[in-house]
Amino acid sequence: MDCLFCKIVSGEIPSKKVYEDESVYAFYDINPQAPVHVVVIPKEHIAACADDINGTNSMVIAKLFEAIPAIASAAGITNGYRIVNNCGDDACQSVKHIHFHVLGGQKLSETMA
């Protein structure tokens with residue numbers, strides 16, 4: 001499989017790791033959209049985006065969300081954060097490996113557009 005995030009998990013492509021456990025890998029985004037911008041992925045390539053979450057893989061997604069508070073803390077986010085999943089071409093999803101962006105480090109805009 002020629003997946004950018006799978007290559008990051010395997011160490012084939014370097015990343016600035018924030019967090020890692022048996023199921024979850026988190027690293028700083030190379031094109032940050034906020035002062036702190038972390039990408040959170042499952043180590044296993046289970047889905048392309050939120051459209052593909054189902055009964056067989058939802059436990060892995062739950063592990064991502066269980067880890068996000070520790071990831072935000074490890075990244076130095078202290079006063080709140082936003083979690084984003086870009087799903088599909090119209091949302092500008094660039095990597096077809098389910099992932100969530102954790103954005104923080106300052107007061108974020110109240111508008112999402």
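Just so you know, residue 1 is the first one in the sequence shown, and it goes up from there.
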Could you pull out the closest heavy-atom pair between [X] and [Y], with the gap in Å?
| X | Y | value |
| --- | --- | --- |
| G88 | C49 | N-SG, 4.3 Å |
| H45 | C3 | ND1-SG, 3.5 Å |
| A48 | Q93 | O-NE2, 2.6 Å |
| A34 | G104 | CB-O, 3.7 Å |

[X] [atom1] to [Y] [atom2] distance, which is reported to the nearest 0.5 Å:
| X | Y | atom1 | atom2 | result |
| --- | --- | --- | --- | --- |
| S73 | Y19 | OG | OH | 11.5 Å |
| M59 | I46 | CE | CD1 | 11.5 Å |
| N54 | N57 | CG | CG | 4.0 Å |
| E12 | L4 | CD | CG | 10.0 Å |
| I83 | F65 | CD1 | CZ | 5.0 Å |
| F100 | I61 | CZ | CD1 | 5.0 Å |

Worksheet entry | F27 and Y25 aromatic ring geometry - parallel, tilted or perpendicular at 30°/60° bounds | tilted
With a 4.5 Å heavy-atom cut-off, do [X] and [Y] have their side chains touching?
| X | Y | result |
| --- | --- | --- |
| Y81 | P69 | yes |
| L103 | V84 | yes |
| I98 | P42 | yes |

Item to complete: Decide yes or no on salt bridge (Lys or Arg N to Asp or Glu O under 4.0 Å) for D2 and K7, but give the supporting numbers first.
Response: CA-CA 8 Å; D2 191 32; K7 290 178 180 179; 2.5 Å; yes
Item to complete: Dump the intermediate steps for side chain to side chain contact (heavy atoms under 4.5 Å, CB included) on K43 and S23, then the final yes or no.
Response: CA-CA 5 Å; K43 287 183 166 181; S23 303; 6.0 Å; no
Between [X] and [Y], is there a shared hydrophobic cluster once you connect ILVMFWY residues whose side-chain heavy atoms come closer than 4.5 Å?
| X | Y | value |
| --- | --- | --- |
| L64 | I53 | yes |
| I68 | V38 | yes |
| V39 | V18 | no |

Worksheet item: Is the shortest side-chain N to carboxylate O distance from K96 to D52 below 4.0 Å?
Response: no
Worksheet item: Using 4.0 Å as the upper bound for N to carboxylate O, is an ion pair formed by K17 and E20?
Response: yes
Discussion item. Pair H37, Y28 - check ring pair (Phe, Tyr, Trp, His ring centres under 6.0 Å), show working.
Written reply: CA-CA 6 Å; H37 184 165; Y28 288 101; 9.4 Å; no
Discussion item. Closer than 3.5 angstrom, by distance alone: can the side chain of H97 be matched with the main-chain N or O of V95 as a donor-acceptor pair?
Written reply: no
Practice prompt. Take V24 and V60 through the side chain to side chain contact (heavy atoms under 4.5 Å, CB included) test and state the conclusion after the steps.
Written response: CA-CA 8 Å; V24 179; V60 176; over 6 Å; no
Practice prompt. Please step through side chain to side chain contact (heavy atoms under 4.5 Å, CB included) for the pair I77 and N79, ending with a clear verdict.
Written response: CA-CA 6 Å; I77 299 173; N79 201 33; over 6 Å; no
Discussion item. For N86 and H101: C-alpha separation, side-chain torsions, deciding distance, then whether side chain to side chain contact (heavy atoms under 4.5 Å, CB included) applies.
Written reply: CA-CA 9 Å; N86 298 321; H101 299 267; 3.7 Å; yes
Worksheet entry | Atom CG of D89 with >12 non-hydrogen neighbours under 6.0 angstrom | no
